[in-house]
There are 4 protein chains.
Amino acid sequence: MSEVDEWLAELIKMNDDAEKMTHKQIKIVQAAVEVFSSKGFAGSSTSEIAQKAGVAEGTIFRHYKTKKELLLSIVAPIMTRLITPFALKDFVKVLEADYPEVEDFLRAVIHNRMNFAQKNLSVIKILLHEIPFHPELQQQFKEIVAKQVLLRATKIVKHFQVQGKMIELPTETAIRFIASSAIGLILIRLLFLPEADWNDEQEIEYTIDFIMHGLAPRG
Amino acid sequence: MSEVDEWLAELIKMNDDAEKMTHKQIKIVQAAVEVFSSKGFAGSSTSEIAQKAGVAEGTIFRHYKTKKELLLSIVAPIMTRLITPFALKDFVKVLEADYPEVEDFLRAVIHNRMNFAQKNLSVIKILLHEIPFHPELQQQFKEIVAKQVLLRATKIVKHFQVQGKMIELPTETAIRFIASSAIGLILIRLLFLPEADWNDEQEIEYTIDFIMHGLAPRG
Amino acid sequence: MSEVDEWLAELIKMNDDAEKMTHKQIKIVQAAVEVFSSKGFAGSSTSEIAQKAGVAEGTIFRHYKTKKELLLSIVAPIMTRLITPFALKDFVKVLEADYPEVEDFLRAVIHNRMNFAQKNLSVIKILLHEIPFHPELQQQFKEIVAKQVLLRATKIVKHFQVQGKMIELPTETAIRFIASSAIGLILIRLLFLPEADWNDEQEIEYTIDFIMHGLAPRG
Amino acid sequence: MSEVDEWLAELIKMNDDAEKMTHKQIKIVQAAVEVFSSKGFAGSSTSEIAQKAGVAEGTIFRHYKTKKELLLSIVAPIMTRLITPFALKDFVKVLEADYPEVEDFLRAVIHNRMNFAQKNLSVIKILLHEIPFHPELQQQFKEIVAKQVLLRATKIVKHFQVQGKMIELPTETAIRFIASSAIGLILIRLLFLPEADWNDEQEIEYTIDFIMHGLAPRG
DNA sequence: TATGAATGAGGTTTCATTCAT
DNA sequence: CATGAATGAAACCTCATTCAT
C-alpha cells in the first residue's frame, strides 16, 4: 500500500521516550489499526488482532490493560497531530507576512493536511468512527479544536479581513466555508473516490480559487 | 425530542402496503434507532433494544431474521430518500425556468435537505456510521448517487454554465464545491454544534452567497 | 414416491372412530412424518412442520398438546402393526398345517413384512430412531415383542422342532437366526441400498434357503 | 461402567501426534460421549456437557468450533476402526491358508468385532444414530464399506467358493448372510438384551454353525 | 516477557408453547 | 376451528480478560 505508516513511526518515537516498544507490541498496534479500521472498534475482536499480529491473545493484555486502552493508545496521539499543527509554523508566518496573500496560506495548509491525511488514512478512519462513541475522545477533540484551531484560525481570518482582503462575514462562518471546502476535497479525494485518477495540484488550485472568490470582499 | 420521526411514518407506510406492522414491531424499530444511533450497530445488543421497546427479545426475531436485517430494514429505505429526491420536482423547475437564477434553486435545495436531515437525524447518523462496514449499503449508495444525483446535478450545472451564469469548471468540481458547502453547513448545524444558537436563514443566505461568488463567471 | 402412505390411511381410520381428523390435521401429520424422518425428532421444529403443512403453528397445538404428543400419535400405532400382526392369521395356519413346510411359512412372513415395511418406511425410520430416547416406546416395544412375537414364534419353532424339521437349538437362538436373516434382508433392501436393482423374489428365496439349511436338522 | 474407553485412548493417541489434548479437553470428550449416547446429538445441550465435564461452556468452543465439530471429532475416527480393520491381519491369513477352514476365519472375525464393539459401545451407539442425519458420515461410511470391507470380503468368499467350501451364491448375497448373522448376534447381545446372561462362546459357536450349514455347498 | 487454556458474562438466535382475535 | 403475534427459557456461540506455566 502506498500509505506510509507515519503514525506508527510517530507512535514508536513517543513511547520510546518512556519505554521501548517491543517488536511484538508494534505488530499488535499494526494489526489493531488494520482490523479496527476495517470492522470498527466494536466489531473487532482481540483474538483476530492477536492472530493477525502473530501473537498470543494474552500478549495484547500484557501491554494494554483493556481493548479500549489499545484503541486510545492508537487514536489519541493522532488527534493532536490531525488538527493542531496545521499552522504551528505557518501560523506565525502568516501574521509575520511571510504569506502576504490569503491564497499562499491556503495552499500551504491544504497541501500539508492532504499529505498528512494520506499518510495516516487508516488511523483517521478509526478516529472518525469512534469519536461519537467515546466521550474522552470528544472532549479531547473539542478542546483541541477550540483552543488550537479556532483560536488561530480566527486570528488569521481577522488579520485578512482587517487588510481588506476578505469579506466581512462572522468569523465562524468564514472558517466554516474554508474548512468545508478543504475538508470536502480531502475526504472525497481520499475516502470516497480514491480510485479515480486525480490531478491533485489542479483540484487544489480550483479549490483555492473557489474559496478566494467566495470570500473576496464584495465590490 | 424535537426530532419528528418522519422516517418512522414513512417506514410504516411502506410496510403497510405489504403487511401491516404490528404495534410491537413499531416499538422495536423505534428502540433500535435509538440504540443504534447512540452506540453504533456493533455496540448495540438486541436485549437492550428489546428492553427499551418493552418487548421480549424473541419478538425481535419474529419480525427480523437477524440483527443485521433489522438494521437494513431501517437504514436502506432512508438512503433513497436521503439522496434522491432532492430534486424530483425542483429539478424540472430549474430546467423549465421556474428557477431563473442559480441562487433560487440552491435556496430551495438547501432548505429542503436541511429540513429532511433535521427530521431524520438519528437514522442518518446510523447510516453514516454503518455505510463503511456494509457492502450492501455502499453498493446501494453508489448506485443512487451515480444515477440519481450526479446525473441530474450535472445537467443543472451545465444548464447554468451554458447560460453563462456559472464559471467553466469541470462539472464534478463544481458539484463538489456546492455539495461541500451545503453538506458542511448541514453537518455542522445538526451534528457538530446543534447546541449553538443558529440563525438558519442567515447562514443559508451566507452559504448561497459564498457559493454564488465562488462559482461566478470570472470577469 | 412409490411409498404408499398406508400408515396414514390407518391413522385416519383409527381416529375416525373417535373424532374425525380435519383436513389440516392430516396435513400436519404428513408434514411431521416427513420432517421427523429426515431430521430426527429433536432436530425438527414445529415451525418447519407447520410451514410444510401449510398451517399456522398454533394449529398444531390445537390438535396435539405437545410436540412429543404429535410424535407419539404417529409412532405408537405403527409399532403394534410393525411387529404384531406378522402372524395373526398365518400363525394359526402354521399350527393347523396350512403351512406344512417351514419354508412356506417363512415365505409368507417375509413377503408380508417386506411389503409392510415398504409401505411404512418413513414412519418406521422414525420409530427406529426414537425408541432409544423414549421409555414409553421402549416399554410398549418390549411388551409387544415379548407377548406377541416371542410367544408365538416360540410355539412355531417348537412345533417344527417336534416334527423333526428343525435343529434342536435353544428357541431364542433359532428365532435370532431367522430374525437376523429376514430383518437383515429387509433393512439392506429398503434402508441401505434402496437404489440398487433388486430381484426381490430371488433374494427372498435365497434367504429362505439359507435359513432352511442353517436350521436343518443335522444329519 | 464396565465399558473400557478404548476409543478414548485411541483418540488421545491420535490427537497427541498433532497437539496434546489438555486434561479438560479429555473431560469434555468423555462427557460428550456420555450425553450424546444417552440423548442423541440433537437432544443434547452443550451446557449439560460442560457441566458434566466440570468445565465452563466456553471451554468447549475453544477446542471445537461448533457442537457438530465436537460430534465429528468423536465419531469420525471410530468409524474407520469399526469397519475396516476386521481383517487387516486376518485377511492375509485367510488367503495364506492360516485359516484353512471357513469357520476358523469366522470365529476370529466375530470374536474380534464383538470385543471391539464391547469396548466402544457408547460411541458406536452415537454413530448408529447420527449416520442418517449427517451426509459427511454417510459418505465416509460408504467409502470405507465399499473399499475396505466389500472388496476384501468378496475376495475371501470367492476364495472359499473356488475351494468348493461354500455354496455358489452371488457374493453380495453370501456376504449379506454372514453379516446379518454376525451383526445380529452382536447387536442383540450388546444393545437389545445386554442384561440377559449370555454364554458368549456357545452363541458364537451356534452362529458359526448356522452360517456354515446355511452356506455349505448343497449336495 | 510471552503464552494459550480457561473462564463466565453476555451476545444472538431458536423454539415449543400460549393466547387474543 | 384456525391464526400468527408474542413469549421467555434455553440453545449455541463469542469475546474480553485472567492466570498458571
Side-chain angles (χ1 to χ4, degrees), chain A residues 22-25 28 42-51 53-70, chain B residues 19-25 27-28 42-50 53-70, chain C residues 19-20 22-25 28 42-51 53-70, chain D residues 19-25 27-28 42-50 53-70:
Chain A
T22 61
H23 174 64
K24 301 242 168 191
Q25 196 172 356
I28 288 169
S44 306
S45 74
T46 50
S47 95
E48 184 179 354
I49 294 171
Q51 197 174 340
V55 149
E57 230 179 316
T59 307
I60 293 179
F61 292 90
R62 190 146 282 288
H63 294 288
Y64 306 91
K65 262 208 297 294
T66 65
K67 185 186 166 196
K68 183 162 184 177
E69 193 182 296
L70 171 59
Chain B
E19 300 151 51
K20 268 199 155 31
M21 279 177 97
T22 56
H23 175 63
K24 300 246 169 187
Q25 194 172 357
K27 299 288 276 177
I28 288 169
S44 306
S45 77
T46 50
S47 93
E48 183 179 354
I49 294 172
V55 149
E57 212 172 339
T59 306
I60 294 178
F61 293 91
R62 275 226 139 253
H63 294 289
Y64 305 92
K65 269 202 291 291
T66 62
K67 186 186 163 196
K68 180 161 184 177
E69 194 182 296
L70 172 58
Chain C
E19 302 149 51
K20 267 203 156 26
T22 62
H23 174 64
K24 300 244 168 189
Q25 196 172 357
I28 288 170
S44 306
S45 75
T46 50
S47 96
E48 184 179 353
I49 294 170
Q51 196 174 341
V55 148
E57 233 180 315
T59 307
I60 293 179
F61 291 91
R62 189 145 282 289
H63 294 287
Y64 306 91
K65 261 207 298 292
T66 64
K67 185 185 165 198
K68 182 160 183 177
E69 193 183 296
L70 172 58
Chain D
E19 299 150 52
K20 268 198 157 30
M21 279 179 97
T22 56
H23 175 64
K24 300 248 170 184
Q25 195 173 356
K27 299 288 276 177
I28 288 169
S44 305
S45 78
T46 50
S47 93
E48 183 180 354
I49 294 171
V55 149
E57 209 173 340
T59 307
I60 294 179
F61 293 93
R62 272 224 142 254
H63 295 289
Y64 305 92
K65 268 202 291 292
T66 62
K67 185 186 164 198
K68 181 161 183 177
E69 193 182 295
L70 171 58

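In the text below, chain A, chain B and the rest are named by the order of the sequence lines, each starting its count at 1. Since we're looking at a predicted model, the values are computed, not measured.
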If every non-hydrogen atom of B/Ala42 is compared with every non-hydrogen atom of A/Ala42, which pair is closest and at what distance? CB-CB, 3.7 Å
Please find the pair of heavy atoms, one from A/Phe61 and one from A/Thr46, that lie closest to each other, and give the distance.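 For A/Phe61 and A/Thr46, the tightest heavy-atom pair comes out as CZ-CG2, 3.8 Å.
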Whole-Å distance between [N] [atom2] and [X] [atom1]?
X: D/Arg62; N: F/dA16; atom1: CZ; atom2: C1'; value: 11 Å
X: B/Gln25; N: F/dT7; atom1: CD; atom2: P; value: 13 Å
X: C/Gln51; N: F/dA2; atom1: CD; atom2: P; value: 19 Å
X: A/Ile49; N: F/dC15; atom1: CD1; atom2: C1'; value: 12 Å

Using a cut-off of 4.0 Å on non-hydrogen atoms, how would the nucleic acid contact of D/Thr59 be classed: base, sugar-phosphate, or nothing?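 The residue D/Thr59 makes base contact.
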Test of understanding: with side-chain contact (heavy atoms from CB on, under 4.5 Å), list the residues that count as partners of D/Tyr64, not counting sequence neighbours. D/Met21, D/Gln25, D/Ile28, D/Val29, D/Glu69, D/Leu70, D/Ser73
So, using side-chain contact (heavy atoms from CB on, under 4.5 Å) as the criterion, who are the partners of A/Glu48 when residues are at least two apart?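 A/Val35, A/Lys39, A/Ser45, A/Lys52.
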May I ask you to decide if D/Ser44's main-chain N or O and D/Lys67's side chain share a donor-acceptor pair within less than 3.5 Å?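 Yes: the side chain of D/Lys67 pairs with the backbone of D/Ser44.
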Stem list, DNA chain E (Watson-Crick or G-U pairing under 3.5 Å, at least 3 consecutive pairs):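 DNA chain E forms these stems: E:2-21 with F:2-21.
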Run the side-chain contact (heavy atoms from CB on, under 4.5 Å) test on B/Thr22 and B/Lys27 for me, step by step, so that the C-alpha distance in whole Å, both residues' side-chain angles and the decisive distance to 0.1 Å come before the verdict. CA-CA 9 Å; B/Thr22 56; B/Lys27 299 288 276 177; over 6 Å; no
Taking the nucleotide of DNA chain E with the closest heavy atom to each, which residue, C/Gly43 or D/Thr22, is nearer the 5' end?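 It is D/Thr22, whose closest nucleotide lies nearer the 5' terminus.
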Heteroatom pairs (N/O) under 3.5 angstrom, protein to nucleotides 10-13 of chain F:
{"from": "F/dC12", "atom 1": "OP1", "to": "D/Ser44", "atom 2": "O", "distance (Å)": "3.2"}
{"from": "F/dC12", "atom 1": "OP1", "to": "D/Lys67", "atom 2": "NZ", "distance (Å)": "2.7"}
{"from": "F/dC12", "atom 1": "OP2", "to": "D/Thr46", "atom 2": "N", "distance (Å)": "2.7"}
{"from": "F/dC12", "atom 1": "OP2", "to": "D/Thr46", "atom 2": "OG1", "distance (Å)": "3.0"}
{"from": "F/dC13", "atom 1": "OP2", "to": "D/Lys67", "atom 2": "N", "distance (Å)": "2.8"}

I want to confirm an ordering. Mapping C/His23 and B/Ile60 to their closest nucleotides on DNA chain F, which one lands closer to the 5' end?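 Nearest nucleotide further toward 5': that of C/His23.
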Span of DNA chain E in contact with chain C (heavy atoms, under 4.0 Å):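 Endpoints of the contacted stretch of DNA chain E: E/dC15 to E/dT18.
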Salt bridge (charged side-chain N to carboxylate O under 4.0 Å, His left out) against C/Glu57, all qualifying residues, sequence neighbours excluded: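 Salt bridge (charged side-chain N to carboxylate O under 4.0 Å, His left out) list for C/Glu57, sorted by chain: B/Arg62.
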